[in-house]
Amino acid sequence: MKIVSIHEDTLPISSTMRNAWVDFSMMDVSIIAVVSDVIRDGKPLVGYGFNSNGRYSAGDILRRRVIPRLMAADPADILREDGSNFSPEQIWDVVMQNEKPGGHGERSVAVGVLDMALFDLVAKIEDKPLYRYLSDRYGDGSPDEDVFVYAAGGYYAPGKGLVELQDEMKKFLDLGYTVAKMKIGGASLAEDLRRIEAAMEVVGGGQNLAVDVNGRFDLDTALAYAEAISPYDLFWYEEVGDPLDYQLQASLGERYPHRMATGENLFSLPDARNLLRYGGMRPELDILQFDPVLGYGLVEYLRIQEILPDYGWSPRSCIPHGGHQFALHIAAALKLGGNESYPGEFFPTGGFADGAVVQGGRTSPTNAPGIGFEPKAAFYKHLRALHI
Ligand SMILES: O=C([O-])CC(=O)C(=O)O
Ligand SMILES: [Mg+2]
């Protein structure tokens with residue numbers, strides 16, 4: 001069993017929206033196809049991956065370091081001991097040769113793109129949907145049948161006023177979501193409060209609405225907003241300060257009695273552990289949003305899962321960032337607390353498989369083998385074009 005070829009490209013997912021830091025006019029993702037010599041129905045099995053949503057493509061690192069290391073590896077070193085399948089864990093060690101620790105930057109994204117494709121391939125070789133494969137190998141063999149998902153959106157955009165924001169929130173409810181998320185921190189406090197109140201009016205109150213600052217605030221601004229939004233009792237207050245400012249997070253936690261969520265821009269086990277050690281996050285209340293792609297893939301995410309109990313955390317407190325099908329499978333298999341969803345953003349990578357139904361704020365991964373990119377037509381045509 002071997003990897004025959006790896007194909008990589010960059011796909012634009014640009015749009016006119018913005019959060020408190022980033023306008024998405026130049027946003028793109030890396031996409032990858034890993035072609036194996038395993039033949040099924042007359043065709044080679046291929047694993048596909050992409051780098052989640054919201055961080056830029058990492059093609060240079062893939063082309064210059066990650067892919068060459070994998071292609072140069074002895075085929076025996078990248079298989080499980082019994083030779084029955086590829087080992088994403090061993091491949092992780094191969095592609096991380098000669099890399100210093102720390103300073104994870106875009107390297108963790110490049111490794112995550114490959115890792116997603118490997119898990120897609122490995123599950124296809126076992127002819128199982130990914131959540132079943134993961135549950136059998138890393139979980140308890142009985143995955144959750146469905147997963148809590150919330151609709152992320154509420155971006156700032158040209159010409160988007162309160163009415164348009166309310167229409168967007170209404171659309172989320174019509175699609176079957178019960179909780180929506182919106183951006184704050186990109187306008188004045190007074191304007192953001194008007195936006196929050198307008199959204200709450202539609203979604204049914206603060207417990208159905210999360211707000212996301214994308215790391216924009218210093219401590220004073222974080223606390224001023226905290227005081228102003230406290231009476232709303234929001235679903236959560238997300239990524240309020242710089243992702244690596246654990247002291248800010250801890251100070252906020254001392255003053256803000258409602259749920260906080262963060263972690264989408266922590267890209268490694270040591271960074272995640274530092275959040276648990278020093279970030280003042282409260283295991284009985286708060287939510288951890290590490291993205292299983294951006295942070296060196298599922299291999300590293302599993303290492304993070306392993307240390308959670310040491311700090312009093314349960315997998316149910318994890319709701320990954322990214323709104324991708326990969327994390328949906330992981331959430332079902334590892335019994336996480338839920339998954340993000342982008343019903344209206346990041347075309348064509350956002351959203352789940354075509355025809356996926358959300359009901360009462362819950363959905364299920366597809367039963368196609370692997371991740372199920374094939375039944376996501378508008379995206380799959382780009383993945384397939386990588387190697388055809
Ligand atoms: O706006 C973004 O980059 C995405 C984001 O923070 C989220 O989904 O929580
Ligand atoms: Mg966020």
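In listed order, ligands and their atoms are each counted from 1.
By the rule that hydrophobic residues join a cluster once side-chain heavy atoms approach within less than 4.5 Å of another member, M169 and F148 end up as members of separate clusters. In the hydrophobic clustering of this structure, I371 does not group with Y131; members are Ile, Leu, Val, Met, Phe, Trp, Tyr whose side-chain heavy atoms approach within less than 4.5 Å, directly or through other members.
For N53 (side chain) and G322 (main-chain N/O), a donor-acceptor pair under 3.5 Å exists by modelled atom type. With hydrogens and angles disregarded, a donor-acceptor distance shorter than 3.5 Å links the side chain of N51 to the backbone of S30.
The neighbour count for E164 CD, taken as heavy atoms of other residues, nucleotides or ligands under 6.0 Å away, is above 12.
Results of the salt bridge (Lys or Arg N to Asp or Glu O under 4.0 Å) test with E374 over K124, R384, K43 single out K124 as the only residue that passes.
Close approach of ligand 1 to K183 is summarised as follows: ligand atoms under 4.0 Å from at least one heavy atom of the residue are 1 (O), 2 (C), 4 (C), 5 (C), 6 (O), 7 (C), 9 (O). Near F24, the atoms of ligand 1 lying under 4.0 angstrom from a non-hydrogen atom of the residue are 1 (O), 2 (C), 3 (O). Of all atoms in ligand 1, listed by their number and element, those nearer than 4.0 Å to a heavy atom of N19 are 1 (O), 2 (C), 3 (O). Taking a cut-off of under 4.0 Å to the non-hydrogen atoms of E264, the atoms of ligand 1 that pass are 5 (C), 6 (O), 7 (C), 9 (O). Counting atoms of ligand 1 from 1 in the listed order, those under 4.0 Å from a heavy atom of Y342 are 4 (C), 7 (C), 8 (O). Close approach to H321 involves these atoms of ligand 1, each under 4.0 Å from a residue heavy atom: 4 (C), 5 (C), 7 (C), 8 (O), 9 (O). Numbered from 1 in the order shown, with element, the atoms of ligand 1 that lie under 4.0 Å from a heavy atom of Y155 read 1 (O), 2 (C), 4 (C).
Using the six-membered ring where Trp is involved, H7 and H387 have ring planes that are tilted, between 30° and 60° apart. Y296 and H104 have perpendicular rings, their planes meeting at more than 60° on a 0 to 90° scale where under 30° would count as parallel.
The single protein non-hydrogen atom nearest to atom 6 (O) of ligand 1 is N214 ND2, 2.7 Å, given as residue, atom name and distance.
Counting only N and O atoms by type, the side chains of D146 and S364 include no donor and acceptor under 3.5 Å apart.
Heavy atoms of K181 approach ligand 1 to within less than 4.0 angstrom. Contact annotation: R55 has no heavy atom less than 4.0 Å from any atom of ligand 1. Contact annotation: E238 has at least one heavy atom less than 4.0 Å from an atom of ligand 1.
Nearest to the Mg ion (ligand 2), among the N, O or S atoms that D212 has, is OD2. Among heteroatoms of the N, O or S kind in E238, OE2 lies nearest the Mg ion (ligand 2).
Among the backbone and side-chain atoms of E264, an N/O/S atom is found under 2.8 Å from the Mg ion (ligand 2).
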